[in-house]
Protein chains: 2
Amino acid sequence: MGSLECDCKQLLKNVVGDEIAMNPLDLGEFRRQEQMVVEFLVNYYKNVEKYPALSQVEPGYLSKCLPSSAPQDAEALESILEDVQQYIVPGLTHWQSPTFFAYFQANTSTAAILGEMLCTGFNVAGFNWVSSPAATELESLVMDWLGKMLDLPRPFLFSGNGGGVIEGNTTEAMICTLIAAREMVLRRLGHNSITKLVVYGSDQTHCSFQKAARVVGIDPQNIRALKTMQSTLFGLSPDLLRNAIRSDINVGLIPLYLCATVGTTSVTAVDPLEPLCKVASEFGMWVHVDAAYAGSSCICPEYRKFLNGVEFADSFSFNAHKWLLTSLDCCCLWVKDPNALVKSLSTDPEYLKNEATESKQVVDYKDWQLSLSRRFRALKLWFVLRMYGVDNLRSHIRNDCRLAQLFEELVAKDDRFEVFFPRNFALVCFRILPSAVASMASGHAVENEHGEAWELNDVNKLNAQLLHAINASGRVFMTHTVVGGVYVLRFAVGAILVRERHVIMAWKLVQERANSLLNMSGSNTPHA
Amino acid sequence: MGSLECDCKQLLKNVVGDEIAMNPLDLGEFRRQEQMVVEFLVNYYKNVEKYPALSQVEPGYLSKCLPSSAPQDAEALESILEDVQQYIVPGLTHWQSPTFFAYFQANTSTAAILGEMLCTGFNVAGFNWVSSPAATELESLVMDWLGKMLDLPRPFLFSGNGGGVIEGNTTEAMICTLIAAREMVLRRLGHNSITKLVVYGSDQTHCSFQKAARVVGIDPQNIRALKTMQSTLFGLSPDLLRNAIRSDINVGLIPLYLCATVGTTSVTAVDPLEPLCKVASEFGMWVHVDAAYAGSSCICPEYRKFLNGVEFADSFSFNAHKWLLTSLDCCCLWVKDPNALVKSLSTDPEYLKNEATESKQVVDYKDWQLSLSRRFRALKLWFVLRMYGVDNLRSHIRNDCRLAQLFEELVAKDDRFEVFFPRNFALVCFRILPSAVASMASGHAVENEHGEAWELNDVNKLNAQLLHAINASGRVFMTHTVVGGVYVLRFAVGAILVRERHVIMAWKLVQERANSLLNMSGSNTPHA
């Protein structure tokens, strides 16, 4: 092959020209620069408590600080990190701050950061088995691990002929299962029946469900958000569901899919899974159980009861990236019938054909999700489960719940306030009571600014003012919801760095701001 | 508030119990363990060339190596990393190996790893502006930077009233724009018209398009994959498109959406954007331009011509995670009319209401994508653009193209082979020619194993055998496609560590394996 050598030399001269001008993976630089970012993060965590948890910047602030075009030449990491500190950090709402009590938490952890780093380092696009067998097989394995930790019924596990997959988020989990259900029906009735399909949730179901249903082509008029009531703790009523389904069938519609929730976003309400599943099964519907937030808690035996009835559902998902230390994104979805997903989501272009797929001995996760490419997210989940172990993960959950219980009891001891919804997990919903408003000193506030008697609307406004005052302090970040027409503040415990003192500080702040609002100046309140 | 202090102490005693049992963000451990993973990755990159680029494990290998349940107790990182080395690395198909020439590359880089690490460290769920203003504003800014680097027409940039967003992947970009287009039509005609909507691509359009169209409820019978031909370089014919649209309209269907491609997956064919857009505009259709792979190259002025005509499209996307050093996942999507996305994808639940959103002064990216939560992916893109700069990124692209040109010329000099498709970017499609098969020594191979004259099918088989032999060597990984009935091997240059010697080694391997297949034993070939 001597002549080949000559050819190559000649061609190299003609073609390749200069040596590569840059090295995007210089190992010496990689080491040095990683070190810098590690120190940056260590410093960030040391100081994060001092920053306002809710960013205080104004819309449009960043474009005033940074150039409007990319640099022509390389810049030093030093100056980039300076810009991160100076311009990015003030614009962050600090989800890892111990004073972040908003929404639901999004936990990161050392294990997740390490796992994510290996994931980015390997950067395999594990769309099918052959494109990185370990990415697929570790995901299957670790989803069985996690399924066992949750005591999921065997039919959801690979070892029971079901299976789990890591999706990016709950919307994707819902879209994929909606499509699986939709295609089962449309294969039978023809595609034109898509306009008759109806999906069911409650008025407490996460907004992702409405969105997912719209995405897959359900007529917006056929998306039911059944009314819940405080008297039944905002759970979806099986009778109401049955009646709604019957009404729909009577007008020629086709019931398709029920989304039941364990731990709603507003108040962590829990739908009664078993009776709901029984209703759905009367009509041959797919049932998905969304436990996005609360699912993590069910690794503790004492919280597992909230999943009772999941054995009658078709699919179940929760976000390990919320409460299970796994960092975004990691939505864990299990299905009893993986074939239902694969039949509806598979693609088989020539350029991806391979022997492993044809052998039908392997899982090709591209057929369990929307996208083709997928990151090796199982690594970080595996790291979290191993570096902490089941016992520590349970402690982590219990610790947050205990801190929430502390806050709940503090609220309960102040008779101007009420805990609006019995705490199930680590979220406390509370508000200033109408009675506190009515009893405000000297009668000047028994009427509102329009001289009318105080009504629910006014109480809601006062609670909204309270939240605004709390967040404007920059000392904590909480959010709110409205359920059954009642405005309540949400205190979600779960930032990884949170300790008792942060919870107590937050409660004192609530009281201080309430004192001001209720026009009770001075340092003592008659209620404390 | 003295009584509060007492309350807290008492409650703490009752409620909180033991101090937290674990610390998932111990900063000392974080430093030490990060260091270990950095060293692991350095070692990985040093050795990656020695591993078979295509994993050689058997289906089911991993479950034989690892326990079937999560550990009860914490495990040391040392032993986890040992398992990564022993069990995960052999199961990886090494996308970062310089001997990986399969699919299209998925580049990582130091900058991407650093940016991703900060992203995981901050772990903000930037679904709307207020949930981390910097995440939203940096994304908008950096998408304008990148749009300018690509010389995208101003109407795609925020500075021109359009805008860009980072989606997870091309399927998501397609789904979101399909829904925007779908809802524009259905708002006018009513939801029942969903069954009449038709979408158009070519038989070379990526499989994600078929999937995206199915996801959003397009009748599978209304998804057109118009035939392309070798004589027109597998580009979609505008005349064929017009005829197809007219036929569809004639039977009462409604043309909705055209997906045009710059750089198809099989052979990097380029659809003629301008004439296609003109046809589509005659019928009021949405045009999306998918340049998933080739888009990165258009930061070089000499490749920008392939985007000519994009000014007439409605949306454009490419994957920075393929060729632009940005690691998975980073699909960059620009639209001229962000409102079309927002109107179709927005959600507005009470628990997310906030003043910034109500002011309409901010972007809430949750309304530009499928999911609610989103990672701060703009950080890594910003790191890549700044740490390398435009000039170096262009060198990176050009270097890969030059190496592909080298391979192309090597193929061209061996008259047993043909370069099947004129190289546009850094992919070379090639095969053993039918003539080489026919001229195989002594006539024993002018007939196939069934004693029939060699036909296209047999030539295809031989090329498939060649690919199999190449990949079975473990020394490189290439993939294949079939276009116009012809089986060709795909040699995609672009792994970050690839140098001339790897390209030359790969070509020698191709020749060696071809020699064996063509029954020409001995070290010299008559053709070299």
Side-chain angles (χ1 to χ4, degrees), chain A residues 8 15-16 21-22 24 30 34 37-38 41 59 62 70-75 88 91 93 95 106 108-110 113-114 116 120-121 123-125 132-134 137 145 169 171 191-192 195 207 217 219 327-328 347 349-351 361-362 371 375 385-386 389-390 392 395 399 402 405-406 481-482, chain B residues 15-16 20-22 24 30 34 37-38 41 59 62 70-75 88 91 93 95 106 108-110 113-114 116 120-121 123-125 132-134 137 145 169 171 191-192 195 207 217 219 327-328 347 349-351 361-362 371 375 385-386 389-390 392 395 402 405-406 481-482 504:
Chain A
C8 288
V15 170
V16 177
M22 65 170 319
F30 176 70
E34 275 294 341
V37 173
V38 168
L41 276 176
L62 191 64
Q72 211 64 26
D73 300 316
E75 296 186 63
I88 302 301
T93 291
W95 289 65
T108 195
S109 65
T110 301
I113 297 173
L114 299 177
E116 191 68 75
T120 314
N123 205 42
V124 301
S132 258
E137 297 202 8
W145 282 18
N169 49 75
T171 317
H191 190 271
N192 283 352
T195 59
C207 64
D219 189 333
S327 80
L328 289 159
T347 50
E350 183 63 38
Y351 46 81
Q361 304 266 307
V362 298
S371 72
R375 300 188 305 127
L385 300 186
R386 292 189 63 178
V390 175
N392 280 319
S395 297
N399 190 63
R402 278 194 293 249
Q405 189 187 345
L406 169 63
T481 191
V482 175
Chain B
V15 170
V16 176
I20 186 167
M22 62 167 323
F30 176 69
E34 275 294 339
V37 172
V38 168
L41 276 177
L62 191 63
Q72 210 65 25
D73 299 316
E75 294 187 64
I88 302 300
T93 290
W95 289 65
T108 196
S109 66
T110 302
I113 297 172
L114 300 177
E116 191 69 75
T120 313
N123 205 43
V124 300
S132 257
E137 297 204 9
W145 282 18
N169 50 74
T171 316
H191 190 270
N192 282 353
T195 59
C207 64
D219 189 332
S327 81
L328 288 159
T347 50
E350 183 63 38
Y351 46 81
Q361 304 265 307
V362 299
S371 71
R375 300 191 302 127
L385 299 187
R386 292 188 63 177
V390 175
N392 280 320
S395 295
R402 278 193 293 251
Q405 189 187 344
L406 168 64
T481 190
V482 174
I504 293 167

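Note on naming: letters A, B, ... go to the chains in the order of the sequence lines (proteins, then strands), and numbering restarts at 1 for each one. Because the structure is a prediction, the values reported are computed rather than measured.
Residues meeting the side-chain hydrogen bond (donor to acceptor under 3.5 Å, both in side chains) test with A/Asn169, sequence neighbours left out: B/Ser371. With sequence neighbours excluded, the residues forming a side-chain hydrogen bond (donor to acceptor under 3.5 Å, both in side chains) with B/Glu75 are A/Arg386, listed by chain and number.
Taking both residues in full, the closest heavy atoms of A/Trp145 and B/Pro71 are given as CZ3-CD, 3.8 Å, listed atom of the first, atom of the second, then distance.
Of the atoms belonging to B/Ser327, heavy atoms from both backbone and side chain fall under 4.5 Å from chain A. At a 4.5 Å heavy-atom cutoff, the contact between A/Glu34 and chain B is made by backbone and side-chain atoms alike.
Of the inter-residue distances, the one linking B/Phe30 atom CZ with A/Ile113 atom CD1 reads 4.5 Å to the nearest 0.5 angstrom.
Residues A/Trp95 and A/Thr108 are not in side-chain contact: their nearest non-hydrogen atoms beyond the backbone lie 4.5 Å or more apart. Put simply, the side chain of B/Ile504 reaches to within 4.5 Å of the side chain of B/Leu406, judged on heavy atoms.
Counting heavy-atom pairs closer than 4.5 Å to chain B, the top residue among A/Ser109, A/Ala106, A/Ser132, A/Gly217 is A/Ser132. Counting heavy-atom pairs closer than 4.5 Å to chain A, the top-ranked of the candidates B/Thr195, B/Leu328, B/Thr171 is B/Leu328. Each of B/Val362, B/Asp219, B/Ile88 has some count of heavy-atom pairs under 4.5 Å with chain A, and the biggest count is that of B/Asp219. Counting heavy-atom pairs closer than 4.5 Å to chain A, the top-ranked of the candidates B/Val124, B/Asn192, B/Val482 is B/Val124. Counting heavy-atom pairs under 4.5 Å between each of B/Thr120, B/Asn123, B/Thr481 and chain A puts B/Asn123 at the top.
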